[in-house]
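A quick note: this is a predicted structure, and the numbers were derived from the prediction, not measured. So that the names make sense, note that chain A is the first sequence line, chain B the second, and so on, each numbered from 1. Below, each value reflects all heavy atoms present in this structure, side chains not excepted, and no hydrogens, waters or symmetry copies.
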Amino acid sequence: MTIMTAERYNAREAEPKWQRIWEDKALFSTRNDDSRPKYYVLEMFPYPSGRIHMGHVRNYAMGDVVARYKRARGFNVLHPMGWDAFGMPAENAAMANKTHPASWTYANIDTMRGQLKSMGLSLDWDREIATCDPRYYKHQQRMFLDFLEAGLIDRKTAKVNWDPVDQTVLANEQVIDGRGWRSGALVEQRELTQWFFKISDFSEDLLTALDGLERWPEKVRTMQQNWIGRSEGLSVRFALKPETTPNQQTSLEIYTTRTDTLFGAKFLALAPDHPLAKAAAVNNPALQSFIEECKRMGTAQEAIAKAEKKGFDTGIRGLHPFDPDWEIPVYVANFILMDYGTGAIFGCPAHDQRDLDFVHAYGLGVTPVVCPADKDAAQFHIDDVAYDGDGLMINSRFLDGMTPAQAREDVASRLEKVMLDGQPVGKRKVNFRLRDWGISRQRYWGCPIPVIHCDDCGIVPVPKQDLPVKLPDDVLFDRPGNPLDHHPHWKHVTCPHCQKAARRETDTMDTFVDSSWYFARFTDPWNEEHPTDPTVVNHWLPVDQYIGGIEHAILHLLYSRFFTRAMQKTGHCGISEPFTGLFTQGMVVHETYKDSDGQWLSPAEILIATENGQRKATRLSDKTPVDIGSIEKMSKSKRNTVDPDDIIGSFGADTARWFMLSDSPPERDVIWTEEGVLGAARFVQRLWRLISDISEIKPHSASVSNPDRVLDIRKAAHRALIRTEEDVERLRFNRCVAHVYELSNSLQACLSEQSDPCDPQLTKALREAGFILVQIVAPMMPHLAEECWHLLGGQGLVAEAAWPKADRDLVIENEITLPIQINGKKRADITIARDADQKTVEAAVLALDVIQKALDNQKPKKIIIVPQRIVNVVV
RNA sequence: GCCGAUGUAACCCAAUGGUAGAGGUAGACGACUUAAAAUCGUUCCAGUGCGGGUUCGAGUCCCGCCAUCGGCACCA
């Protein structure tokens, strides 16, 4: 039976219609006083860059599936949206287009809000916040003052990239090959006094608490673990020959985790900004210029690590802690970081690649001290690759024959007893790689740091009743530097203490501060008095499911974890971990295209055709051939972006959402293809036709029935339902999509074999399956689902309907097919009762012809029976 | 450079250590059509990036390599 339906589903009419109905019924406005169990699902809020991109579509489609599903399952769901609205692009736009950062930002927000609304997301727009709104940043300033009072904030110097021509601080991304992106001038490191959040006070807790984050991806926990970088090592003071030092200094403290390699030491190395390096440079112009050169690398770790290893011999000589006759040269080296440990190390080239590269440049020699177990100690030597594995100690006097772990322990306990200047030479020390969080930015478009500098009173917090410290509107971007600093009067204020003339802090906060607590603000965004309401925030937090890009795996998530702890300490919330469930989604990528001149072309400018199985691209305008390039992250510079508006305009939001959820697992990258979108669009029509057909089936009056077919349909529907539940819970949306396809295929096959009118039992089963199909589709394609729900005559809206109850008994099979392997290769299968015991299975297997043949009258060596899984016969 | 990940059919992907295939795209053939699109039906295609190892059995676990991607503290 095929019922011809002439009409097509018109997404452009249907989608706005259902969106209006949802909005009129305020379906997604969440009340804080609802008694149902809470569920907080949050996607990382966007930066208002101008227009949404496909990455947003993917991210928000995923969150919406979870939100709609949990709502159907009876939860009071909080699913809010806002804007990460401070940041550099607004200032760049201001300079380029003479627009004000605020008007640029708010115009972008308006555009993007409209785009998000057209996606049909079940968001509570009543809670919308923008971090650049004084009603938001007022509370952030308040918490800054509370943190200051609680001793969670520090002021100290930090290195910044300085552009000497533009006279401004540059972000790492604005430094290209050691030069400023605008001026092209060689960048220098400069030290500025900056504000810091003392995140390192929480190092140990941030590390150990990772174990409790069971619903976080393992890889993110590992990355954070490595970032925090706890190490147990030893601080060792090397004696210096005083006559070789610039200041009669008698010792140099280094930090190491490899005390076992002490007898392989070839040099000591100082960071270029180590005090001893600076002192040595005073009367040494060559060293001074080497240090200058190091500073020109900027502050990015990547540049420092990739640079060729270079050093400068200071002439200072250290003495080996176990041998006063053993002199070791002290270098300044470009790869030593002042921020880590003591800013000084001893170098053992045989067992550290960086040290090895370094000695190769300066001919300091290599002595291996750890020999791998499978190598001969007399023969073992190091060429270009350092050995960092385990083994036994060699060339190390009293340590020879120990394992490195034993040697580390032995050296530590010996050096604890060796005294130098009345202090032990070695001290055990736990060290963290994690540094304090520098939040000062010398920029306009950020949250002002609410303090005042007074010549007499020092640093004075802005009184809380004076908050917010608002950004001035009348600023100019006609000269480099911070507009707050050269504003005619903004920074000139009177000291709250002594009423004398004083200056406002002109630094603003890192935008990561804004995004470190927005999830808490969403719980009570209307609160004018306080950042949060304790009852409300503790009811909603932690976020049950947080979804966002893997690029935030470390900084944003770690800062938010710190900030939540700081809020807890200052009474702004009662918990320490903000996100119990985390999911990191992959990127949206697309093919790239170049014309014959090597210019990037956008997908809209080309036509792709298949010739002899080969995909060929031509330019639409002049039919010239186009090179199809590699698949890359969508970016404006490569012109391989697809505007969600275009897709939503031509196919509808459901098609865009469906395609973004299908195919690739959500944590992986997804390739945006024209074929894929067309496939998704076709399925929208197919599903609509299928449901139309089901809704039009007429049962005949006779009671004849085909019970097997009825059961098959019911089984297919309930199996799809159960699997969808499991997969939504685990955010495996691509598999949910597959279940929908599978069920549609089954229903379609059944439908095409039926006569009209239809068996009444089967009619009932098909209608039941139709409803289930619509409900499992609803979180993914909500508009189409409403339309189908309506066709089937469902009560009310599918967005309000309770999730159907799966009948688990239906999907249990009594007989199973068991594959039979001989020596691990599949050779046969048997069908046997599900609950058959091992002996029955074994007898059935041995009775098989193939097994008899393979055994050739021998006894099997072994029979492995994995119940309900597989049988392997070893012959 | 360091840290983290990924690599399966022409393409995207699936597979608690247990039959390499759930699903989609593309292709081929057929039905419908004057024809095309759409639709429906049938069907072809890999031994899992490379090299070793553990195991009765490896896409999955371990070691080494290659390629690609994310992060590296002032992009968000």
* Rounded P spacing from B:G1 to B:G59 in Å -> 31 Å
* Test A:Gln194 against every option in A:Thr157, A:Val160, A:Ile439 by the side-chain contact (heavy atoms from CB on, under 4.5 Å) rule and name the one that passes. => A:Val160
* Between B:U6 atom P and A:Glu218 atom CD, what is the distance in whole Å? -> 12 Å
* Asked: Does A:Arg735 put a side-chain nitrogen or oxygen below 4.0 Å from OP1 or OP2 of B:A15?
  -> yes
* To do: Would you indicate, yes or no, if B:U39 has its OP1 or OP2 atom less than 4.0 angstrom from a side-chain nitrogen or oxygen of A:Arg682?
  => yes
* Asked: Do you see a donor-acceptor pair shorter than 3.5 Å between the side chains of A:Ser231 and A:Asn431?
  -> no
* Could you please name the partner base of B:G47, counting Watson-Crick and G-U wobble pairs only when both distances are under 3.5 Å? => none
* To do: Without swapping roles, check the side chain of A:Asn161 against the backbone of A:Val175 for a donor-acceptor pair under 3.5 Å.
  => no
* Hey, would you say the A:Trp445 and A:Tyr47 ring centroids sit under 6.0 Å apart? -> no
* Nearest-Å distance for atom pair CG/P, residues A:Leu687 and B:U39 -> 14 Å
* To do: Please state the C1' separation for the pair B:U39 and B:A46 - nearest whole angstrom.
  => 30 Å
* For A:Glu667 and for A:Gln353, find the nucleotide of RNA chain B with the closest heavy atom, then tell me which residue's nucleotide is more 5'. => A:Gln353
* Structure fact -> From CD1 of A:Ile864 across to P of B:G17 the rounded distance in Å is 17 Å
* Pairwise C1' distance for B:U19 and B:G47, with rounding to whole Å -> 13 Å
* **Separation of the P atoms in B:C65 and B:G23, to the nearest angstrom** => 40 Å
* Asked: Base of B:G47 relative to its sugar, syn (within 90° of 0) or anti?
  -> syn
* Asked: So what does A:Ser662 hit on the nucleic acid, given a heavy-atom distance under 4.0 Å: a base, only sugar-phosphate, or nothing?
  -> nothing
* To do: Rounded off to whole Å, could you give me the CZ-to-C1' distance for the A:Arg723 and B:A14 pair?
  => 12 Å
* Once you apply the 3.5 Å cut-off to both distances, tell me the Watson-Crick or G-U wobble partner of B:A9, or none. => none
* Nearest-Å distance once atom P is located in both B:C44 and B:A22 -> 13 Å
* Asked: Given the P atoms of B:U60 and B:G52, what is the spacing between them in whole Å?
  -> 14 Å
* Asked: Angle class for the A:His556/A:Phe512 ring planes (parallel below 30°, perpendicular above 60°, tilted otherwise)?
  -> parallel
* **Distance in angstrom units between A:Glu726 CD and B:A15 C1', rounded** => 15 Å
* Of all the choices, B:G4, B:A22, B:A38, which nucleotide is nearest to the side chain of A:Arg8 once you look at every atom? -> B:A38
* **is_close_aromatic(A:Phe659, A:Phe651), centroid dist under 6.0 Å** => no
* For the pair made of OH in A:Tyr741 and C1' in B:G23, what is the distance, rounded to whole Å? -> 8 Å
* Atom CD of A:Gln224 to atom P of B:C3: distance rounded to whole Å? -> 17 Å
* Under 6.0 Å from the CZ atom of A:Arg354, do we count more than 12 heavy atoms belonging to anything else shown? -> no
* To do: Would you mind pulling out the nucleotide paired to B:A76, Watson-Crick or G-U wobble, both distances under 3.5 Å?
  => none
* Do the side chain of A:His56 and the main chain of A:His53 share a donor and acceptor less than 3.5 angstrom apart? -> yes
* For the residue pair A:Tyr518 and A:Tyr546, does the interplanar ring angle fall in the parallel (under 30°), tilted (30 to 60°) or perpendicular (over 60°) class? -> tilted
* To do: For nucleotides B:G64 and B:G4, find the distance between their P atoms and express it as a whole number of Å.
  => 12 Å
* Both distances under 3.5 Å, Watson-Crick or G-U wobble: report the partner of B:C56, or none. => B:G18
* Under 4.0 angstrom between A:Gln821 side-chain N/O and B:C56 OP1 or OP2 -> no
* **Nucleotide nearest A:Glu742 (side chain, heavy atoms from C-beta), chosen from B:U39, B:G4, B:A22** => B:A22
* Does B:C2 pair with anything, Watson-Crick or G-U wobble, both distances under 3.5 Å, and if so, with which nucleotide? -> B:G71
* What's the closest nucleotide to the A:Val866 side chain, out of B:G18, B:C40, B:A14? -> B:G18
* **B:G18 phosphate, OP1 or OP2, under 4.0 Å from A:Asn872 side-chain N/O** => no
* Asked: Taking any strand in view, what nucleotide pairs with B:C29 in a Watson-Crick or G-U wobble way, both distances under 3.5 Å?
  -> B:G41
* Could you tell me how the ring of A:Trp437 sits relative to the ring of A:Tyr559: parallel (under 30°), tilted (30 to 60°) or perpendicular (over 60°)? => parallel
* Asked: Going 5' to 3' along nucleotides 70-76 of chain B, which nucleotides have protein heavy atoms under 4.0 Å from the base (write B), which only from the sugar-phosphate (write S), and which from neither (write -)?
  -> SSBBBBB
* B:C32 to B:G21 separation - P atoms, rounded to the nearest Å -> 34 Å
* Structure fact -> Here the distance between atom C1' of B:U39 and atom CG of A:Leu690, to the nearest Å, is 13 Å
* To do: Quick one: label A:Asn745 by what it contacts on the DNA or RNA (base, sugar-phosphate, nothing), any heavy atom closer than 4.0 Å.
  => sugar-phosphate
